[in-house]
Amino acid sequence: MPELPEVETIRRGLQNLLLTKVVKNTTVYDSPKSFPNDQHTVEQFLYGANVQQVRRRAKVLLIDFSSEYTLVTHLKMTGQVVFIGASSSVKTDASVRFAAGHPNDSMLGQLPDRSTRVAIEFSDGSHLYFNDQRKFGWMKLYPTLEVPNIDFMQRVGPEPLEDSFTSNEFIPRVRRRNGTTIKAAILDQTVLAGVGNIYADESLWGAKIHPATRVRDVTDAQLAELLTCIKAVMTLSIEKGGSTDKNYVDAEGKKGSYLQFANVFRREGLSCPRHPDVLIEKSRVAGRGTHVCPVCQPVPE
DNA sequence: CACTTGACCTGTCCGC
DNA sequence: TGCGGACAGGTCAAGT
């Protein structure tokens with residue numbers, strides 16, 4: 001679920017809340033993919049270190065510490081990050097609690113809970129919880145200088161929202177996947193970073209391209225329009241705090257409301273915004289649930 | 001090699 | 001009501 005806009009929303013919230021926080025302790029629950037580092041490394045390079053900055057690359061969250069180690073987190077599908085401020089006597093509310101990622105009901109209860117994979121305690125008594133129902137996500141520790149050498153970082157494509165990323169670069173990268181469908185191509189993280197199922201469907205609707213169209217059958221002009229739509233959709237989503245289907249609030253008490261603005265995603269059976277009398281259809285493309293307007297996006301030959 | 005499918009997991013929803 | 005199966009969808013490994 002968390003795609004680029006969701007992780008960027010998380011980054012912005014944590015940047016404000018975590019700066020200068022000092023790590024006091026960590027607890028790893030049932031999370032076989034997290035902290036393969038030996039306990040000695042975690043203790044030596046995390047404990048007593050303070051947060052310098054919070055970065056994002058693609059869908060990966062990067063928390064840099066003064067020890068020149070970086071906490072690298074991938075939320076995959078159901079991961080979430082929850083910050084709870086020091087509150088032994090102070091009542092926990094939106095002013096001290098930040099939650100982002102895939103929402104679930106447990107967020108309204110006490111943490112840690114059944115889905116908690118990692119808990120980080122800071123010296124002021126606040127906590128950062130990494131929760132993940134399905135255990136696909138992970139949290140690992142790397143020397144900051146080695147982060148660019150991680151396999152994923154080596155292979156992941158350009159950031160779509162960089163002004164320097166234009167159709168001049170986008171088109172040849174997509175055409176490397178000429179034999180597959182346009183949806184599979186933009187979901188490929190080595191082509192460009194950060195597009196997941198929601199924004200793939202939304203941007204393809206925006207560019208009026210059927211997701212199952214072979215890349216070779218999409219014109220350069222259409223690809224240029226598609227990139228424009230990817231940028232627009234992601235920019236709007238970040239403004240809206242990302243996508244969530246259940247209610248939650250971030251540090252400022254705002255909801256991630258992008259899905260209210262979605263044109264096709266999870267709107268099967270509802271009317272296309274461009275065609276009030278045409279209903280959105282759902283099918284399966286590139287192994288994912290896929291939403292299209294059958295008039296805007298005619299099925300390819 | 002290029003592309004597609006399955007595995008990783010758990011919770012939820014739907015039909016019988 | 002209970003139960004089995006489909007589904008959710010990011011990424012990597014395995015299969016075609």
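Just so you know, these numbers use all the heavy atoms, side chains as well, and skip hydrogens, waters and symmetry mates. Lettering follows sequence order; numbering is per chain, from 1.
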Sub-3.5 Å pairs of nitrogen or oxygen atoms, protein against nucleotides 12-14 of chain C:
| from | atom 1 | to | atom 2 | distance (Å) |
| --- | --- | --- | --- | --- |
| C:dC12 | OP2 | A:R155 | NH2 | 3.3 |

Quick one: which protein N/O atoms are closer than 3.5 Å to N/O atoms of nucleotides 3-5 of chain C? Pair and distance per line, please.
none

Can you tell me the distance, in whole Å, between the [atom1] atom of [X] and the [atom2] atom of [N]?
X: A:R57; N: C:dT11; atom1: CZ; atom2: C1'; answer: 16 Å
X: A:N131; N: B:dG11; atom1: CG; atom2: C1'; answer: 15 Å
X: A:D132; N: C:dG10; atom1: CG; atom2: C1'; answer: 11 Å
X: A:Y199; N: C:dG10; atom1: OH; atom2: P; answer: 10 Å
X: A:R266; N: B:dT12; atom1: CZ; atom2: C1'; answer: 12 Å
X: A:R288; N: C:dA6; atom1: CZ; atom2: P; answer: 19 Å
X: A:Q80; N: C:dA8; atom1: CD; atom2: P; answer: 21 Å
X: A:L192; N: C:dT11; atom1: CG; atom2: C1'; answer: 15 Å

Item to check | Donor-acceptor under 3.5 Å (A:T78 side chain, A:R134 main chain) | outcome: yes
Item to check | Side-chain donor/acceptor of A:Q297 to backbone N/O of A:V295, under 3.5 Å | outcome: no
Using distance alone, with no hydrogens and no angle criterion, decide if [X] and [Y] have a side-chain donor and acceptor under 3.5 Å apart.
X: A:S67; Y: A:Y47; result: no
X: A:T70; Y: A:T144; result: yes
X: A:Q222; Y: A:D220; result: no
X: A:N50; Y: A:T20; result: no
X: A:E202; Y: A:Y258; result: yes

Item to check | ILVMFWY cluster membership beyond A:M153 - transitive side-chain contacts under 4.5 angstrom | outcome: A:V60, A:L62, A:V72, A:W138, A:Y142, A:V147, A:I150, A:F152, A:V156
Checklist entry - At under 4.0 Å, does any side-chain N or O of A:H74 touch on OP1 or OP2 of C:dT11? => result yes
Checklist entry - Which value, in whole Å, describes the distance between the P atoms of nucleotides B:dC9 and C:dA13? => result 14 Å
Checklist outcome for this item: A:K135 meets the side chain to side chain donor-acceptor pair (under 3.5 Å) criterion, sequence neighbours left out, with A:D30
Checklist entry - What dot-bracket string describes DNA chain B from 5' to 3', counting Watson-Crick and G-U wobble pairs whose defining distances are under 3.5 Å, with [ ] for crossing pairs and | for pairs to another strand? => result .|||||||.|||||||
Item to check | Side chain to side chain, A:L61 and A:V54, heavy atoms closer than 4.5 Å | outcome: yes
Residues two or more places apart in sequence or in another chain: which of them pass salt bridge (charged side-chain N to carboxylate O under 4.0 Å, His left out) with [X]?
X: A:D217; answer: none
X: A:R176; answer: none
X: A:R55; answer: A:D64
X: A:K21; answer: A:D124

Might you list the N or O atoms of the protein lying below 3.5 Å from N or O atoms in nucleotides 1-3 of chain B, with each pair's distance?
| from | atom 1 | to | atom 2 | distance (Å) |
| --- | --- | --- | --- | --- |
| B:dC3 | OP1 | A:G179 | N | 2.9 |
| B:dC3 | OP2 | A:R177 | NE | 3.2 |

Next on the checklist: Could you measure the distance from the CD atom of A:E169 to the OG1 atom of A:T166? Nearest 0.5 Å is fine.
Outcome noted: 7.0 Å
Checklist entry - If you look only at pairs with a residue in residues 150-163 of chain A, which of them pass as a side-chain hydrogen bond (donor to acceptor under 3.5 Å, both in side chains), with sequence neighbours excluded? => result A:R56-A:E159, A:R57-A:E159
Within the sub-3.5 Å range, which N or O atoms of nucleotides 5-9 of chain B have a protein N or O partner, and how far apart are they?
| from | atom 1 | to | atom 2 | distance (Å) |
| --- | --- | --- | --- | --- |
| B:dC9 | O2 | A:R134 | NE | 2.5 |
| B:dC9 | N3 | A:R134 | NH2 | 3.3 |

